[in-house]
Amino acid sequence: SQQGEEDPQALSIQEGENATMNCSYKTSINNLQWYRQNSGRGLVHLILIRSNEREKHSGRLRVTLDTSKKSSSLLITASRAADTASYFCATTWNDYKLSFGAGTTVTVRA
Amino acid sequence: EPEVTQTPSHQVTQMGQEVILRCVPISNHLYFYWYRQILGQKVEFLVSFYNNEISEKSEIFDDQFSVERPDGSNFTLKIRSTKLEDSAMYFCASSDQHSNQPQHFGDGTRLSIL
């Protein structure tokens with residue numbers, strides 16, 4: 001299985017602080033994607049990073065990818081209460097189906 | 001912004017009954033997927049669909065499952081004879097390309113089997 005695994009499982013931070021979560025995977029990938037899931041809702045796509053890319057930014061989000069270590073990180077800067085959610089990494093290979101990790105639950109305290 | 005829509009949001013069904021979950025993918029997308037998430041577990045891939053046929057399916061997607069695109073807009077997942085262990089959130093997703101494009105998810109259907 002090439003499933004991503006997130007670390008930590010849960011993260012609690014104060015509003016305004018940065019949140020960092022990591023994802024490790026097992027096999028080669030085409031790309032790695034990060035998704036957010038608010039309680040009881042669907043998965044919202046955040047960022048896609050291709051295997052030949054090392055870093056991507058989108059607003060307050062920064063994603064890095066290290067294919068030699070088979071790992072990725074998601075940084076959320078200046079967190080807000082609305083960032084409270086579960087965050088999942090997912091990888092694709094030649095079959096293009098998404099293989100998800102178990103997720104990191106982020107709680108942002110006001 | 002275009003969205004993937006799923007109906008119903010919650011479906012309660014007796015064990016052994018057939019259930020059909022419905023999805024309307026984003027209109028110009030060509031690739032369609034079903035995933036499920038059992039409570040407290042990872043999101044799992046079920047099946048992908050392109051050009052009116054299944055392109056890949058997982059071990060979960062056995063003979064009890066089928067997918068169909070009955071018209072130009074709907075994409076359905078049918079479970080023929082539901083089991084207790086089919087209780088889960090079922091997510092539909094679509095993308096406009098297979099490679100290096102994000103998949104856009106609906107809000108899911110919560111399926112409860114009694």
Side-chain angles (χ1 to χ4, degrees), chain A residues 1-7 9-10 21 23-53 56 58 61 63 65 67 72 74 85-105, chain B residues 1-7 9-10 21 23-26 29-50 54-61 67 88-112:
Chain A
S1 166
Q2 64 179 53
Q3 289 172 330
E5 297 294 341
E6 292 89 344
D7 169 58
Q9 289 185 326
M21 59 210 88
C23 168
S24 60
Y25 56 92
K26 297 177 184 174
T27 63
S28 299
I29 60 171
N30 277 330
N31 63 63
L32 186 145
Q33 304 181 35
W34 285 91
Y35 286 83
R36 185 186 74 228
Q37 185 180 36
N38 291 89
S39 180
R41 302 296 302 273
L43 295 149
V44 174
H45 181 263
L46 297 176
I47 287 187
L48 180 152
I49 186 164
R50 301 181 186 192
S51 59
N52 61 352
E53 296 176 316
K56 277 188 98 166
S58 176
L61 306 179
V63 166
L65 179 65
T67 52
S72 173
L74 170 66
S86 292
Y87 292 82
F88 297 88
C89 68
T91 56
T92 68
W93 180 221
N94 283 336
D95 48 18
Y96 303 114
K97 67 176 185 279
L98 290 169
S99 295
F100 284 87
T104 294
T105 300
Chain B
E1 188 173 324
E3 290 184 337
V4 175
T5 57
Q6 291 185 243
T7 55
S9 56
H10 191 187
L21 310 182
C23 169
V24 179
I26 294 174
H29 285 185
L30 300 176
Y31 300 87
F32 313 114
Y33 312 85
W34 283 101
Y35 293 83
R36 80 172 185 191
Q37 185 179 31
I38 294 172
L39 187 64
Q41 297 187 22
K42 296 180 181 181
V43 176
E44 302 172 288
F45 168 78
L46 292 179
V47 66
S48 60
F49 191 86
Y50 169 70
I54 290 173
S55 45
E56 190 182 358
K57 59 184 180 179
S58 71
E59 298 167 351
I60 303 166
F61 195 89
V67 289
M89 282 289 286
Y90 286 81
F91 293 106
C92 172
S94 69
S95 63
D96 61 357
Q97 294 179 38
H98 228 5
S99 171
N100 286 323
Q101 290 296 321
Q103 294 179 21
H104 297 270
F105 284 75
D107 277 345
T109 293
R110 179 170 297 284
L111 179 62
S112 300

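Order of the sequence lines fixes the chain letters, A, B, ..., with proteins taken first and strands second; residue numbering starts at 1 for each chain.
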Peer 1: Checking heavy atoms, do the side chain of B:Q37, its backbone, both or neither come under 4.5 Å from chain A?
Peer 2: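 For B:Q37, the side chain is the part near chain A, not the backbone.
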Peer 1: More than 12 foreign heavy atoms under 6.0 Å from CD of A:E53: is that the case here?
Peer 2: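 Count over threshold, so yes.
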Peer 1: Check A:L98, A:L48, A:L43 against B:Q103 for a side-chain contact (heavy atoms from CB on, under 4.5 Å) and give me the one that passes.
Peer 2: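 When A:L98, A:L48, A:L43 are each tested with B:Q103, the side-chain contact (heavy atoms from CB on, under 4.5 Å) holds only for A:L98.
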Peer 1: Quick check: does any side chain N or O of B:D107 sit under 3.5 Å from a backbone N or O of A:R41, one acting as donor and the other as acceptor?
Peer 2: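 No, B:D107 side chain to A:R41 backbone: no donor-acceptor pair under 3.5 Å.
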Peer 1: side-chain contact (heavy atoms from CB on, under 4.5 Å) for B:K42 and A:F88? Distances and angles first, verdict last.
Peer 2: CA-CA 9 Å; B:K42 296 180 181 181; A:F88 297 88; over 6 Å; no
Peer 1: Working to the nearest 0.5 Å, report the span between OH of A:Y35 and CZ of B:F105.
Peer 2: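 Between A:Y35 OH and B:F105 CZ, I get 5.0 Å after rounding to 0.5 Å.
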Peer 1: Going from CD on B:E44 to NZ on A:K97, what distance comes out if it is rounded to the nearest 0.5 angstrom?
Peer 2: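 The CD atom of B:E44 sits 12.0 Å away from the NZ atom of A:K97.
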Peer 1: Please check if atom NZ in A:K56 has more than 12 non-hydrogen atoms from other residues, nucleotides or ligands closer than 6.0 Å.
Peer 2: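 Counting other residues, nucleotides and ligands, NZ of A:K56 exceeds 12 neighbours.
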Peer 1: Students often mix this up, so state it plainly: with edges at 30° and 60°, are the rings of B:H104 and A:H45 parallel, tilted or perpendicular?
Peer 2: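 Geometry flag for A:H45 against B:H104: tilted rings.
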Peer 1: What heavy-atom pair brings B:F91 and A:Q37 nearest, and what distance separates the two atoms?
Peer 2: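 B:F91 and A:Q37 have their closest heavy atoms at CZ-NE2, 3.4 Å.
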